[in-house]
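Single-structure report; data block below.
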There are 4 protein chains.
Amino acid sequence: MQFNSEKPIYQQLFDLIQLDILEGKWPEGGRVPSVRELAGNLEVNPGTVMRAYEQLQEEAILFNQRGRGLFVADNAKELILKNQQKEMIQKEIPQFVKKMKQLQISLEEFVTVFNRS
Amino acid sequence: MQFNSEKPIYQQLFDLIQLDILEGKWPEGGRVPSVRELAGNLEVNPGTVMRAYEQLQEEAILFNQRGRGLFVADNAKELILKNQQKEMIQKEIPQFVKKMKQLQISLEEFVTVFNRS
Amino acid sequence: MQFNSEKPIYQQLFDLIQLDILEGKWPEGGRVPSVRELAGNLEVNPGTVMRAYEQLQEEAILFNQRGRGLFVADNAKELILKNQQKEMIQKEIPQFVKKMKQLQISLEEFVTVFNRS
Amino acid sequence: MQFNSEKPIYQQLFDLIQLDILEGKWPEGGRVPSVRELAGNLEVNPGTVMRAYEQLQEEAILFNQRGRGLFVADNAKELILKNQQKEMIQKEIPQFVKKMKQLQISLEEFVTVFNRS
DNA sequence: GTGGTCTAGACCACC
DNA sequence: GTGGTCTAGACCACA
């Protein structure tokens, strides 16, 4: 796995796993790969995986069953979607729009790209 | 002057100065505050200002008249606008659109925010 | 290590490292000495080495694996050769030819030196 | 007059004047513009012109007639040509050839550019 | 006065 | 351990 070097790896991991859950690759309620296993697959330091898992637990997307491992929450997809949508709509879109206006980029330009992809 | 800690100061300066030029606070063809002067005003190390100025020279937004100081290029505004528009359209918008689709945010949602602000 | 005083050290380093890569002393894909290590060996300030490394990253000759260090790109040799050839053919040769003509130095003179060495 | 910022202005001036003499714009034996006059025309600091004139005197290309001004030497053209040719053939060409070989640029490539311009 | 280079040393996040 | 940022201060050539 290649990681874009501009962001901390643990954050890229954090994002990636959420995508995997949304896409059903990591099913809700299912057990998550162990830190060592995932770290081995991705050729990444175990501590780095650890850190991503920790943050996912803080957001209640993963939960720990003592001695059995980490599991995906049953409402994980919904949680992820709600959280990120909220962040996007309340913060990122307004900020993005502001920048577009500063640069005099028209709505049409945006729509073109939107429809193209 | 307050600086956001999440981005290097010299980059924030780099962005800020471009905004100032676009807004006409630093007129095209005019002389720019000396490294030491600006550093003093902003309570920042001269080297940090230098770094911002350096990058602006690389983009041909500023140019050096030896021994006299740095000046804003005559076509600075156009340059800045073109550069940033290019960056926005080619990279940021596609990336943003991708994220919107992942989060199932509709175009309408975006348009609403766009028209509101 | 001795440095020529007429050019900035970090630029001399920038050139030197490219030569080392071309000659295979710093193999493609391999790890590069750490900033501190190289600085120690060359008896130079770490910041100076950093600056050279920085520019090599901008040219994609080196890349950063976060927390592990800097590495030589897999296509580094090709990149260096292409870049420098381009610079040479587009800028330096025409300029050199212009000077030769001003000084009325014939092509034969040049060819003689070329074949001799 | 525009000066390329990569070289000190006084050196650019030094080169420029020699070219002018070679091309006959400043005739041998003729009087040279005063420091103030030339500085005014070129929009340059008088001290800068001064410095160029000084170096030209050191090379005996200009000479001073006390109270009357500076004059171009009678053998100025020959002097300039000989000096620069020597420098070119003994130092610059070998160095240039070395770099060409490092970059695997063929003699043909050079000849092409030479004949084109 | 100007920009620019270099040093020595501190501090940071990341791995 | 790694790269990267920032500071404070010195020194330089150029104009």
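Order of the sequence lines fixes the chain letters, A, B, ..., with proteins taken first and strands second; residue numbering starts at 1 for each chain.
Among the atoms of the strands shown, only primed sugar atoms or phosphate atoms (P, OP1, OP2) are found under 4.0 Å from some heavy atom of B:Gly69.
Partners of C:Glu78 under the salt bridge (charged side-chain N to carboxylate O under 4.0 Å, His left out) rule, at least two apart in sequence or in another chain, are C:Lys82. Contacts of B:Lys99 classified as salt bridge (charged side-chain N to carboxylate O under 4.0 Å, His left out), with partners at least two apart in sequence or in another chain: A:Glu92. The salt bridge (charged side-chain N to carboxylate O under 4.0 Å, His left out) search around B:Lys7 returns B:Asp15, not counting sequence neighbours. Annotation: side chain to side chain donor-acceptor pair (under 3.5 Å) contacts of C:Glu37 (sequence neighbours excluded): none. Residues satisfying the side chain to side chain contact (heavy atoms under 4.5 Å, CB included) criterion with B:Leu22, sequence neighbours excluded, are B:Lys77, B:Ile80, B:Leu81. Residues passing the salt bridge (charged side-chain N to carboxylate O under 4.0 Å, His left out) test with D:Asp20 are D:Lys25, sequence neighbours excluded. Among residues two or more places apart in sequence or in another chain, the side chain to side chain donor-acceptor pair (under 3.5 Å) test is passed with D:Glu6 by D:Asn4.
The ring pair (Phe, Tyr, Trp, His ring centres under 6.0 Å) pairs that include a residue from residues 80-101 of chain B are A:Phe96-B:Phe96, where partners are two or more places apart or lie in different chains. Pairs engaging residues 59-75 of chain C under the salt bridge (charged side-chain N to carboxylate O under 4.0 Å, His left out) rule: none recorded [sequence neighbours left out].
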Protein and nucleotides 12-14 of chain E: nitrogen or oxygen contacts under 3.5 angstrom:
| unit_1 | atom_1 | unit_2 | atom_2 | d |
| --- | --- | --- | --- | --- |
| E:dC14 | OP2 | A:Arg51 | NH2 | 3.0 |

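Along DNA chain E, the nucleotide closest to B:Val32 and the one closest to C:Arg68 are compared, and the more 5′ of them pairs with B:Val32. Projected onto DNA chain F by closest heavy-atom contact, B:Pro46 and C:Gln57 fall at different nucleotides, the more 5' of which corresponds to C:Gln57. Of the residues near DNA chain F, C:Glu37 and B:Val44, the one whose nearest nucleotide (by heavy atom distance) lies more toward the 5' end is C:Glu37.
Counting 5' to 3', DNA chain F first comes under 4.0 angstrom of a heavy atom of chain C and last does so at the ends given by F:dG1 to F:dT5.
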Check: How is the base pairing of DNA chain E summarised as a dot-bracket string, given the Watson-Crick and G-U wobble criteria with both distances under 3.5 Å, [ ] for crossing and | for another strand?
Finding: ||||||||||||||.
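Between C:Leu62 and C:Tyr53, the closest heavy-atom pair is CD1-CD2, 3.8 Å.
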